[in-house]
Each structure stands twice: as C-alpha cells, then as structure tokens.
Participant: 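Dumping the structure here so I can ask a few things about it.
Model, not experiment: these values are computed from the prediction. All heavy atoms count here, side chains included; hydrogens, waters and symmetry mates do not. Residue indices begin at 1 and follow the sequence shown.
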Amino acid sequence: MTNKNKKMPQILTAAAIMAAMSAVPALAAGWSQENGEWVYLDRNGSRVTDVWKKNDAGTHWFYLDEDGYMATNRLVEDDENYYYVNEDGAMVKNEWRKLEDDSDNDAYTDGTCWYYLGSNGKAVKNTSDKAKLTTINGKRYVFDEEGRMLYGWVSQEGTMVNEDEEWSGGIFYCGEEDDGAAAINQWRLLEVDDPEGDDDADGSYWFYFSSNGKKFADVTKKINGKNYQFDDRGVAQFKWYTASASSMATPGSASSSDYKFYNSPEQCWRAEGWFYTVPTESIDPEAYENDEQYWFYADKKGNLVSSQLKTIDRYKYGFNEKGEMLEGLYALTFDGGKIDTYRKIENISEMPEAGEECKVYYFGNTPKDGVMAAKKDVKVELDDDTYDFGFRTNGEGIHGISDNRIYIMGRKLKADSEMKYQEVEFEGETYLINTTGTIQKKKTNIKDGDDTYYCTDSRGVVTYKGSEKK
C-alpha cells in the first residue's frame, strides 16, 4: 500500500511537548513526571488511569494506562474502539500503521497487520456482521471488528478466506498483504488452487469485481461491449460452457443448443460469429478424443448455428446437429428445412443411387472453406480420384439432363478418355456421351476406342451399336 509506512509529520516532538508542559507552574492537578515517565495527577495528587488527556497546549491527546503512565508506541483499546499512540505518546490520526498482530489469525504471515486511524483517532473497524467497504484516499478497504485491514479473498461475513482451496467462498478481493485495496469495477487474474481445473488455465482464472466490490458469480454480464459467463465460483468461463449439468453427464448426449463458447482462458468473452476449436466431449466424443478442430458459427446471442444451411456474409454453409461446419461432399436429407441426416461421401462408390431419398451437396474451399457450391462445373476430390459435379443455384446436385449433359445426383457422367465414347443408362434410355460428358445427338457410325460403331437419334439415344458401320 503506497505510503503506508510514512509517518504523519509530528507537530511537536516529545521533548518539545513535555517542555511545554514543564513550563507551566506545578499545580496539584496536571501533567507531571514520575520515575522518568509522564503521569497526570488529579486534584488530590493521584494518578488518573484509563483516560485520555490533552497536553497543556491542547494540541494532542495522550492516553494514561491502567497504572496511570502515558502510553507510547501501542494500540489502545478504549470503550470498544481502538487507537494508536506513537513514540511521543500522541494519538495518531489520518494515518496507516502496520502493527504487531496479537490475534490467533495465522493469515498475517509476518505477524503484523494494517490499521487505519481516522480523523478522530479511531481505528476504522467493521461494526456489522457482514463485510463492509470503507473508502480511504479514493480506495476501498475491508476491516474486521477490531480494526485490522483484511486482504486477499474476503467472505460475505467479513472474514479472510485463509485456506487455499476455499477461495471460491470469497466475495471480495482485497489485494496482497501490504495492499488491501478492494478490486472495484475491474478484472483480476488470480491464481487459485483448483485441482480439477483446465490445464490451459495454468492455475489462474479471470474474475470481475463490480462497483460494490463483489465478484460476478453464476451470471451472464456484458462488460465493455462483450458478453461473459461467470460460474457459481465467479470464474469467467472459457472454451465451452453449459448451464445444464445433465447435458454434460454422458458424452455425445448434449445438444449444440446447450452450449456457448467463451474463447481462450486469456479472453473469456462469448464467441459471436466464426470460431475454430475442438468440440466438447459432451457434443462430439470422437472429435474431442482425437483433438479434431471444426469451424462453428454463433449468432449474436452466442447460440450455435446447427442442422441447417445458413447464409453468412453472402455465402451459404452447412452445419450438422453438433454445430460443426460441413466440409466436403455430403448426402443430406431434410425435415422442414432442417438438416435431418447427413452422410459424408469420401469415395465415388459411396454415392447414393438414383432415386434414393436424399440430395447431394458440396461444401468446398472456393472462395472460402466450407462454402456451398452452386454452379455446374465443380471439381470434387474424393479418396479415389477427382470427379466433375454440377450443382443448382440452391446447392442441390443436378439430377437429370442439363446443358446436353447427364448428371446423376450431382455427378456429371463422362466417357473414359481412352474409350472416347460411352453408353450410359438414364431413365430407361441408353445415351451416348463423349469424354466431356456431352450427349452425342444425330451421330452416324462414330467409333469408340474399342472400334465399336454407334448411331444416335436427335436426343442422343443409341439407335445402333456394332462392330461394323451401319
């Protein structure tokens, strides 16, 4: 605490004070010296005890102890109040003093504690059964019932939380031992004993203390334009947070609607918009176990977008029920506009059959990762090769004949480069296509790579196939 150890300037030194006293003619009553110590005699010449008396100049108060001697350098208890008299015996006012602690509170590690002596000389103390903040020189402090300044975590009842593991019971935070100023309207990063804490936090959590000095706990608050979630201990949440304990009970049982994301331990504010992270175990146990990261998108209330196709900044994306952004080729089914089922296609053999109750979508990396494709010429890389696909403007894979080409659930059919031409079956008809997928209409005796001749009608349907020209 700044300047706590500086003494208040003394108006008179001990010698000067007593010289002033000695200059007054000796009377039956008043200040006198006995055996080198100052006493105060009543009219009968007896020492007065347990009482305050001013010097003859009327500038300072002095205390006569139980034996009638002037007290020095000590704390004085009088009428349930506490005072301090300095080395000259004068009552100290408007001053901090660090004094020996005679209580059994081992929280004062060096055996001393701080007092503040007010303008009336009384040590500031708490007369309530709850912690009370007192303003001194623009800062706020908590004192106990005997005037000792409290520090560190302080409970609602006005006691210091001494045990490391009991920090969560603290309501106020009043700095270090030689500080004591309560945190007011401010963030504090505090090291705490939390055996089950997240390793990423490295033993320290962020707390926010409001205008009344109390920590925010079990509440959502907007601070400087950002939203934060505080648990019942007052810890600002980071990573994933859910208020529902039941949703965390079984891995994979939680819904994305149960969770909000609060960024890293250094940030803690609620995510809005895009963020990239590992899902919580309750939502996606496999991804959690494999430390696999996904893109997520949260709205302005922190709610995850899930089970839908969503337009964001002019581009459309897909999200599963976990809130994970889809990337790659998928067979989707819908229920009332919501994605009902999704299956990732990683090999051409996994393509759905024509007539299957699903639609194929591609969430590629052009112009950004995960953007839904909505054009006819799209190269899709699968595990076994690269294929040509076509998609409608709503993202659905084209199924049918479009621009004189045949698409099956989005995949464009093409002849093998060595064969040059190839027959394909579509809706009960046999069509002839070339290596670009173009339907060969009104062709006579065109030959493929196996020297087979074909003839087609105006629709491109094969009318003749043989080893010789027709």
Participant: For the side chain of N212 and the backbone of K214, is there at least one donor-acceptor N/O pair under 3.5 Å apart?
Facilitator: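 Yes: the side chain of N212 pairs with the backbone of K214.
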Participant: With F172 as reference, evaluate I184, V154, V161, L150 under the side-chain contact (heavy atoms from CB on, under 4.5 Å) test and give the passing residue.
Facilitator: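 Per the side-chain contact (heavy atoms from CB on, under 4.5 Å) rule, the option paired with F172 is V154, out of I184, V154, V161, L150.
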Participant: Side chain of K316, backbone of L309: donor and acceptor closer than 3.5 Å?
Facilitator: no
Participant: Report the residues that fulfil salt bridge (charged side-chain N to carboxylate O under 4.0 Å, His left out) with K132, sequence neighbours left out, ordered by chain and then residue number.
Facilitator: none
Participant: Sequence neighbours excluded, which residues qualify as ring pair (Phe, Tyr, Trp, His ring centres under 6.0 Å) partners of Y84?
Facilitator: none
Participant: Taking the side chain as C-beta and beyond, is there a heavy-atom pair between V85 and F62 under 4.5 Å?
Facilitator: no
Participant: Is there a donor-acceptor contact under 3.5 Å linking the side chains of E87 and T72?
Facilitator: no
Participant: Evaluate the side-chain proximity of K125 to N81: yes if any heavy-atom separation is below 4.5 Å, no if none is.
Facilitator: yes
Participant: Would you confirm whether W153, through its side chain, and D164, through its main-chain N or O, come within 3.5 Å as a donor-acceptor pair?
Facilitator: no
Participant: Tell me every residue that passes salt bridge (charged side-chain N to carboxylate O under 4.0 Å, His left out) with E146, counting only those two or more places apart in sequence or in another chain.
Facilitator: R148
Participant: Looking at K130, is its backbone amide N or carbonyl O close enough to the side chain of N126 to form a donor-acceptor pair, meaning the two atoms are under 3.5 Å apart?
Facilitator: yes
Participant: Looking at G318 and F363, what are the two nearest heavy atoms and their distance?
Facilitator: N-CE2, 3.4 Å
Participant: F230: what forms a ring pair (Phe, Tyr, Trp, His ring centres under 6.0 Å) with it, not counting sequence neighbours?
Facilitator: W187, F216
Participant: For E272 and N227: C-alpha separation, side-chain torsions, deciding distance, then whether side-chain contact (heavy atoms from CB on, under 4.5 Å) applies.
Facilitator: CA-CA 9 Å; E272 297 177 14; N227 292 284; 3.3 Å; yes
Participant: If you compare all heavy atoms of N86 against all heavy atoms of R97, which two are closest, and at what distance to 0.1 Å?
Facilitator: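 Reported closest heavy-atom pair: CB-NH2, 4.1 Å.
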Participant: Does a side-chain heavy-atom distance below 4.5 Å link Y63 with M91?
Facilitator: no
Participant: Given N347 and S349, is the side chain to side chain donor-acceptor pair (under 3.5 Å) satisfied, shown in steps?
Facilitator: CA-CA 5 Å; N347 191 292; S349 63; 3.0 Å; yes
Participant: Can you list every pair that meets ring-ring contact (aromatic ring centres under 6.0 Å, His included) and has a residue in residues 323-349, with sequence neighbours left out?
Facilitator: F334-Y361
Participant: Should K221 and Y208 count as side-chain neighbours, where that means a heavy-atom distance under 4.5 Å?
Facilitator: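 Counting from C-beta outward, K221 and Y208 never come under 4.5 Å.
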Participant: With sequence neighbours left out, what residues match V124 under side-chain contact (heavy atoms from CB on, under 4.5 Å)?
Facilitator: Y116, T134, F143
Participant: Residues two or more places apart in sequence or in another chain: which of them pass salt bridge (charged side-chain N to carboxylate O under 4.0 Å, His left out) with D377?
Facilitator: K412
Participant: Return the minimal non-hydrogen interatomic distance between G397 and F391, and the atom names on each side.
Facilitator: CA-CD2, 3.5 Å
Participant: Would you say CD of E286 has more than 12 non-hydrogen atoms from neighbouring residues, nucleotides or ligands within 6.0 angstrom?
Facilitator: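 No, because the 6.0 Å sphere around CD of E286 holds 12 heavy atoms or fewer from other groups.
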Participant: May I ask you to decide if A183's main-chain N or O and Q186's side chain share a donor-acceptor pair within less than 3.5 Å?
Facilitator: no
Participant: Are E157 and T159 linked by a side-chain donor-acceptor pair shorter than 3.5 Å?
Facilitator: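 No, T159 and E157 have no side-chain donor paired with an acceptor closer than 3.5 Å.
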Participant: Roughly how far, to the nearest 0.5 Å, is the CE atom of M372 from the NZ atom of K310?
Facilitator: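 It is 13.5 Å, given to the nearest 0.5 Å.
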Participant: Counting neighbours of OH on Y288 that are heavy atoms of other residues, nucleotides or ligands and sit closer than 6.0 Å, is the number greater than 12?
Facilitator: no
Participant: May I ask you to decide if S168's main-chain N or O and K215's side chain share a donor-acceptor pair within less than 3.5 Å?
Facilitator: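 It does hold such a pair.
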Participant: Return yes when atom CD of E100 has more than 12 non-hydrogen atoms of other residues, nucleotides or ligands closer than 6.0 Å, and no otherwise.
Facilitator: no
Participant: Looking at E66, I'd like to know if its CD atom is crowded, meaning that more than 12 non-hydrogen atoms belonging to other residues, nucleotides or ligands lie closer than 6.0 Å.
Facilitator: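 Atom CD in E66 is crowded, with more than 12 foreign heavy atoms closer than 6.0 Å.
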Participant: Measuring from atom CG of N185 to atom CD1 of I223, what distance do you get when rounded to the nearest 0.5 angstrom?
Facilitator: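 Output value for this atom pair is 9.5 Å.
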Participant: Can you name the ring pair (Phe, Tyr, Trp, His ring centres under 6.0 Å) partners of F261, sequence neighbours left out?
Facilitator: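 In terms of ring pair (Phe, Tyr, Trp, His ring centres under 6.0 Å), with neighbours along the sequence ignored, F261 is linked to W240, F275.
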Participant: Are the side chain of N263 and the backbone of W269 linked by a donor-acceptor contact shorter than 3.5 Å?
Facilitator: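 Side chain of N263 to backbone of W269, a donor-acceptor pair under 3.5 Å: yes, one is there.
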Participant: Does any non-hydrogen side-chain atom of I339 lie less than 4.5 Å from one of E321?
Facilitator: no
Participant: Report yes or no: does S307 contribute a side-chain atom to a donor-acceptor pair with the main-chain N or O of K338 at less than 3.5 Å?
Facilitator: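 Answer holds: no.
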Participant: More than 12 heavy atoms of other residues, nucleotides or ligands under 6.0 Å from CD of E191: is that the case?
Facilitator: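 No, CD of E191 has 12 or fewer neighbouring heavy atoms, counting only those of other groups under 6.0 Å.
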Participant: Would you say the ring centers of W96 and Y141 fall short of 6.0 Å from each other?
Facilitator: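 Ring centroids of W96 and Y141 are less than 6.0 Å from each other.
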Participant: Looking at every heavy atom in both A182 and L133, which two are closest together, and how far apart are they?
Facilitator: CB-CD2, 3.9 Å
Participant: Test of understanding: with ring pair (Phe, Tyr, Trp, His ring centres under 6.0 Å), list the residues that count as partners of Y317, not counting sequence neighbours.
Facilitator: W274
Participant: Is the shortest heavy-atom distance from the side chain of P279 to the side chain of K322 under 4.5 Å?
Facilitator: no
Participant: Looking at R343 and E356, what are the two nearest heavy atoms and their distance?
Facilitator: NH2-OE2, 3.8 Å
Participant: Roughly how far, to the nearest 0.5 Å, is CD1 of I171 from CZ of F209?
Facilitator: 9.5 Å
Participant: With a sphere of 6.0 Å drawn around CD of E289, does it hold more than 12 non-hydrogen atoms of other residues, nucleotides or ligands?
Facilitator: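 No, the 6.0 Å shell around CD holds no more than 12 heavy atoms from other groups.
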Participant: Output all residues satisfying salt bridge (charged side-chain N to carboxylate O under 4.0 Å, His left out) with R392, sequence neighbours left out; order by chain, then residue number.
Facilitator: none
Participant: Heavy-atom distance under 4.5 Å between the side chains of E350 and L329, does that happen here?
Facilitator: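 E350 vs L329: side chains apart.
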Participant: Testing the basics here: between Y294 and A287, what is the closest heavy-atom pair and its distance to 0.1 Å?
Facilitator: CE1-CB, 3.8 Å
Participant: Below 4.5 Å, heavy atoms only, C-beta onward: do I345 and V380 meet side chain to side chain?
Facilitator: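 Answer no - side chains too far apart.
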Participant: Counting only N and O atoms by type, is there a donor-acceptor contact under 3.5 Å from the side chain of S155 to the main-chain atoms of G169?
Facilitator: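 Not a single qualifying donor-acceptor pair exists.
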Participant: Look at the side chain of D67 and the backbone N and O of Y69, then say whether any donor-acceptor pair between them is shorter than 3.5 Å.
Facilitator: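 No, D67 side chain to Y69 backbone: no donor-acceptor pair under 3.5 Å.
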Participant: Could you tabulate the donor-acceptor pairs under 3.5 Å formed by side-chain atoms of residues 194-203, not counting sequence neighbours?
Facilitator:
| from | atom 1 | to | atom 2 | distance (Å) |
| --- | --- | --- | --- | --- |
| D194 | OD2 | Y205 | OH | 2.5 |
| D194 | OD2 | R233 | NH1 | 3.1 |
| D198 | OD1 | D200 | N | 2.7 |
| D198 | OD2 | K239 | NZ | 3.3 |
| D200 | OD2 | K239 | NZ | 2.5 |

Participant: Kindly compute the distance separating CD1 (I348) from CZ (R411), expressed to the nearest 0.5 Å.
Facilitator: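 It comes to 4.5 Å.
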Participant: How far does CD of E396 sit from CE of M409, to the nearest 0.5 angstrom?
Facilitator: 9.5 Å
Participant: For residues 380-390, which residue pairs pass the salt bridge (charged side-chain N to carboxylate O under 4.0 Å, His left out) check, not counting sequence neighbours?
Facilitator: K379-D388, D388-K414
Participant: For the residue pair W52 and Y83, is the inter-centroid distance of their aromatic rings smaller than 6.0 Å?
Facilitator: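 Here the rings of Y83 and W52 have centres that are less than 6.0 Å from each other.
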Participant: Please determine, by modelled atom types, if N303 and K260 share a side-chain donor-acceptor pair under 3.5 angstrom.
Facilitator: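 N303 vs K260: donor-acceptor pair found between side chains.
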